[in-house]
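Everything numeric here is computed off the predicted structure, so don't read it as measured data. Numbering starts at 1 and runs along the sequence shown. Because only heavy atoms are used, hydrogens play no part in the values below, and waters and symmetry mates are left out as well, while side chains stay in.
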Amino acid sequence: MYRIISGKWKAKRISAPKNFDVRPTTDFAKEALFSILENRYDFEFSACSVLDLFAGIGSISLEFASRECPDITAVEMNTKHCSFISSTAADLDMALQINVQRADAYDWLKKNRSKKQYEIVFADAPFENTDGKKYQELIALVLNNNYLKSNGIFILEHQSRLKIDHPNLMESRKYGNLTFSFFKPNGDA
């Protein structure tokens, strides 16, 4: 179970079916993330486009939608999770805001190069992948293929024990066993 932290559906609790193998971003970490976004970056969510990779059961997508973000693309490989995001979005009158794409995030990024740019790209890649190679591939796919607008930011959620090193890394914020790493677009000074 998770809850929407703020916006139109503030305090709304969302329960996924018990047979779903998910680990949504904790309320504490999600609240910290959105506080950083609201206070550090000049994003007006009502005019923002978001790409949510490895969307799981939609915790991040629904949070953006609750905050009036009109354009969210949620990419998730699990068919049941995609259906859950779509039905939850419909129940909360967010169906027009959230476009659910059933696909492997890596394949989706390779196939959709340069079709659209986003202010925010968020990725909560599977924690099992702790050697860093798949994370580096993910970072390269996002940054090298023009997914970020010039004012955009890429946020990678990963285990705190994994240290990310990349020239576009601006900062990392640790919240217990998870860390948010923030990357600027290529070409930014």
> Can you hop from M77 to I98 via hydrophobic side chains spaced under 4.5 Å?
Replying inline: no

> Tell me, do N186 and N144 make a side-chain contact under 4.5 Å, heavy atoms counted?
Replying inline: yes

>> The test is side chain to side chain contact (heavy atoms under 4.5 Å, CB included); show your working for V121 and L156 and say whether it passes.
In response: CA-CA 8 Å; V121 175; L156 178 65; over 6 Å; no

>> Testing the 3.5 Å rule here: is there a donor-acceptor pair between the side chains of T179 and S172?
In response: no

> Does the side chain to side chain contact (heavy atoms under 4.5 Å, CB included) test come out yes or no for L62 and I57, once each step is laid out?
Replying inline: CA-CA 9 Å; L62 294 169; I57 57 172; over 6 Å; no

> Looking at K163, H158, E157, which one forms a side-chain hydrogen bond (donor to acceptor under 3.5 Å, both in side chains) with S181?
Replying inline: H158

> Are the aromatic ring centres of F182 and F154 under 6.0 angstrom apart?
Replying inline: no

> Any link between L138 and Y118 through a network of hydrophobic side chains (Ile, Leu, Val, Met, Phe, Trp, Tyr) touching at under 4.5 Å?
Replying inline: yes

>> Nearest 0.5 Å, please: how far is NZ in K12 from CD1 in I4?
In response: 8.0 Å

>> Checking the side chain of S35 only, and the main-chain atoms of E31 only, is there a donor and an acceptor separated by less than 3.5 Å?
In response: no

>> Just to verify, what does D27 make a salt bridge (Lys or Arg N to Asp or Glu O under 4.0 Å) with, not counting sequence neighbours?
In response: R3

>> I need the N39 CG to F34 CZ distance, nearest 0.5 Å.
In response: 13.0 Å

> Minimum heavy-atom separation for G152 to P185, with atom names?
Replying inline: O-CD, 3.2 Å

>> Are F64 and L96 connected into the same hydrophobic cluster when the rule is that any two of I, L, V, M, F, W, Y join if their side-chain heavy atoms are below 4.5 Å apart?
In response: no

>> Under 4.0 Å between a side-chain nitrogen and a carboxylate oxygen: does that hold for E63 and R67?
In response: yes

>> So Y41 and I36, do their side chains get closer than 4.5 Å, heavy atoms only?
In response: yes

>> Looking at every non-hydrogen atom in both residues, tell me the closest pair between C69 and V50 and how far apart they are.
In response: SG-CG2, 3.7 Å

> Do R113 and L109 touch side chain to side chain, with heavy atoms closer than 4.5 Å?
Replying inline: no

>> Using side-chain heavy atoms (C-beta onward) and a distance below 4.5 Å, is I155 in contact with L33?
In response: yes

>> For the residue pair N146 / Q117, report whether a side-chain donor-acceptor contact shorter than 3.5 Å exists.
In response: yes

>> For a quick check under 3.5 Å, do K30 and S59 share a side-chain donor-acceptor pair by atom type?
In response: yes

>> Please report the interatomic distance SG(C48) to CG(L37), rounded to the nearest 0.5 Å.
In response: 8.5 Å

> Can you tell me if N112 uses its side chain to pair, donor with acceptor, with the backbone of K115 under 3.5 Å?
Replying inline: no

>> With a sphere of 6.0 Å drawn around CG of D165, does it hold more than 12 non-hydrogen atoms of other residues, nucleotides or ligands?
In response: no

>> Contact between R102 and E76 at the side-chain level, heavy atoms closer than 4.5 Å - yes or no?
In response: no

> Listed by chain and number, what are the salt bridge (Lys or Arg N to Asp or Glu O under 4.0 Å) partners of K10, not counting sequence neighbours?
Replying inline: none

>> Quick check: do F183 and I164 have side-chain heavy atoms less than 4.5 Å from each other?
In response: yes

> Which heavy-atom pair separates F54 from A123 by the least distance, and what is that distance?
Replying inline: CD1-CB, 4.3 Å

> Given the rule in the salt bridge (Lys or Arg N to Asp or Glu O under 4.0 Å) test, do K184 and E171 qualify, once you have shown the distances and angles that lead to the verdict?
Replying inline: CA-CA 10 Å; K184 64 184 177 182; E171 69 174 311; over 6 Å; no

>> Under the criterion side chain to side chain contact (heavy atoms under 4.5 Å, CB included), I'd like the reasoning laid out for I72 against N99: C-alpha separation, chi angles, the key distance, then a yes or no.
In response: CA-CA 6 Å; I72 303 154; N99 173 15; over 6 Å; no

> Does the side chain to side chain contact (heavy atoms under 4.5 Å, CB included) test come out yes or no for H166 and L143, once each step is laid out?
Replying inline: CA-CA 11 Å; H166 192 277; L143 297 181; 3.5 Å; yes

>> Could you report the tightest heavy-atom contact between M94 and A65, atom names first, then the distance?
In response: SD-CB, 3.5 Å

> Taking atom NZ of K80 as the centre, does the number of heavy atoms from other residues, nucleotides or ligands within less than 6.0 Å exceed 12?
Replying inline: no

> Who passes salt bridge (Lys or Arg N to Asp or Glu O under 4.0 Å) against E119, sequence neighbours left out?
Replying inline: K149

> When rounded to the nearest 0.5 angstrom, what is the spacing between CZ in R40 and CE in M170?
Replying inline: 9.0 Å

> Can you name the closest pair of heavy atoms from G176 and K174 and give their distance?
Replying inline: O-CE, 3.2 Å

>> Side chains of T73 and W108, heavy atoms from C-beta outward: is any pair under 4.5 Å?
In response: yes

>> Can you see whether N177 engages S160 through a side-chain donor-acceptor pair at a distance of less than 3.5 angstrom?
In response: no

>> Looking at Y147 and I120, would you say the former's side chain and the latter's main chain have a donor-acceptor pair under 3.5 Å?
In response: no

> Under 4.5 Å between any side-chain heavy atoms of V75 and L51, yes or no?
Replying inline: yes

> Is any NZ, NE, NH1 or NH2 atom of the basic residue among D71 and K116 found under 4.0 Å from an Asp or Glu carboxylate oxygen of the other?
Replying inline: yes

> Parallel, tilted or perpendicular: which fits the ring planes of F122 and F180, with parallel below 30° and perpendicular above 60°?
Replying inline: tilted

> Are the side chain of T88 and the backbone N or O of I85 linked by a donor-acceptor pair below 3.5 Å?
Replying inline: no

>> For a quick test of reading the model, state the closest non-hydrogen atom pair linking A47 to P70 and the distance between them.
In response: N-CD, 4.2 Å

